2 protein chains.
Amino acid sequence: MGHSQESKLETHAKIVEAAAKRFRETGLEGIGVADLMKEVGLTVGGFYKHFESRGALVAEAVSAMQGGWDALFARAEERGQAKPALFDALVDNYLDPAHRDNPGEGCLFAALSAELARSEDAARTAATQKLESALGKLTKVFSEQRAPAARAAAIFAYSTLIGAVSLARATNDPALSAEILSTVARGLKARLRPATAGQSKR
Amino acid sequence: MGHSQESKLETHAKIVEAAAKRFRETGLEGIGVADLMKEVGLTVGGFYKHFESRGALVAEAVSAMQGGWDALFARAEERGQAKPALFDALVDNYLDPAHRDNPGEGCLFAALSAELARSEDAARTAATQKLESALGKLTKVFSEQRAPAARAAAIFAYSTLIGAVSLARATNDPALSAEILSTVARGLKARLRPATAGQSKR
DNA sequence: ATTATCTATAGATCTATAGATAATGC
DNA sequence: ATTATCTATAGATCTATAGATAATGC
């Protein structure tokens, strides 16, 4: 039995992390409180000292779900990477088979949109914040356009990405799944890649 | 107690219809066998004379799920509607708030992709057939292009539609939800609407 | 003394099966 | 006689709570 208040905070964070991964893998109802606690090396009984209810954990876990984009944005910033190259990197990363095959570390929306639609408001509010945050970042990639056009491009591209991974995961035909990912990657780059600043043709 | 063999077929079909609706509304695990039977006016016990397991019903229900597109394709055929007008009708219908708000009668993939990814092969195979069928119809809308380009356009547009409705359902911010639907509808028409045959500009 | 975690369990599910009942259809 | 459906229930979940245990921290 661990006991310090500091270790309780660590425990809390570990439960949330495990839930953030497993919920994306198994769905929001695909794993029970007991199994989540076991994954962190604890037992059921302690759970309700950390969360008011299972639903409270769902909301916290949604807030904690990070896809792989943050690193790409950070790297682009650091290297002074141009917008078109960043856009390509985001698309390639999102539509990589590795993302399709590892929902536990992947995009919240590709994994959980449908269940979020049926969830308590706390979880949906957390998801909405994640969505606005992702759209905000993506909008900057299109900043050579006027603000409304840039936001529209972000919403359009994000929808396309999420739909493609959703379909690629749903089918059990590997060829079709691969075709969806590669086709949509090509399509997004051909149709939505931002122009380099001051560049009107490529 | 109804008993004839003919009425058994009717009963079977009613169970599948109810499941096709309720699974899209509540998720594949959101309603139990007992409640599904109750919805058709029957009790649990009879279920396993109709289906070998709950999973067998899931697969049959997936096969039975029809979105609203068939009617639009039929009407276009009948009226000799041009491709661009049909494309616009498909987009507007799919991205209508009524579709977002009524998953039970809507697109299989917007409602169940993530759960299908975790389902038994029977259900995923049924879903794959539905997907190929939808892509096949949509590919014809782009038939003024060469075959590979038309199929690519269909995959791209379908992904975008599914992602948009997924996001519009997930958020609990009504303004954002409406913005996603209208933005993606405008974007698809601007970027992917097929040209009328023989028409190089609009 | 407080509290983070443990064991144990109540109460509410849900799938699947067993055996009874009452129509169908030979 | 067969069988479509019914009632009842076994066995396996899962959420949440009660009460015990053993460190922490005043």
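Small disclaimer: the values here were computed from a predicted structure and weren't measured.
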- Considering only side-chain heavy atoms of B:Lys49, which listed nucleotide, D:dT5, D:dC14, C:dC6, is closest?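 Nearest nucleotide to the side chain: D:dT5.
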Does OP1 or OP2 of [N] have a side-chain N or O of [X] closer than 4.0 Å?
X	N	result
B:His50	D:dT5	yes
B:Thr11	D:dT5	yes
A:Lys8	C:dA4	yes
A:Tyr48	D:dA16	yes

Atom-to-atom span, [atom1] of [X] to [atom2] of [N] - whole angstrom:
X	N	atom1	atom2	result
B:Glu10	D:dA4	CD	P	13 Å
B:His12	D:dT5	NE2	C1'	16 Å
A:Asp35	D:dT15	CG	P	9 Å
A:Phe51	D:dT15	CZ	P	13 Å
A:Lys38	C:dT7	NZ	P	11 Å
A:Arg54	C:dA12	CZ	C1'	15 Å
A:Glu120	D:dT15	CD	P	13 Å
B:Met37	C:dA16	CE	P	13 Å

Taking the basic N atoms (NZ, or NE/NH1/NH2) and the acidic carboxylate oxygens, is any pair closer than 4.0 Å for [X] and [Y]?
X	Y	value
B:Glu25	B:Arg22	yes
B:Arg151	A:Glu179	yes
A:Glu144	A:Lys83	no

- Message: Please determine whether the number of non-hydrogen atoms from other residues, nucleotides or ligands lying under 6.0 Å from atom NZ of B:Lys137 exceeds 12.
- Response: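 Yes - once you tally the heavy atoms of other residues, nucleotides and ligands closer than 6.0 Å, there are more than 12.
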Answer yes or no: are there more than 12 heavy-atom neighbours, outside A:Lys130 itself, under 6.0 Å from its atom NZ?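 Yes, NZ of A:Lys130 has more than 12 neighbouring heavy atoms, counting only those of other groups under 6.0 Å.
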Which part of the nucleic acid, if any, lies within reach of B:Gly45 when heavy atoms closer than 4.0 Å are counted: base, sugar-phosphate only, or nothing?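 B:Gly45: base contact, heavy atoms under 4.0 Å.
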Could you let me know what D:dT21 is paired to, Watson-Crick or G-U wobble, both distances under 3.5 Å, or none if it's on its own?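 Paired with D:dT21, as far as the under-3.5 Å criterion goes, is C:dA4.
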Partner of C:dA10 under the Watson-Crick or G-U wobble criteria, both distances under 3.5 Å, comes out as D:dT15
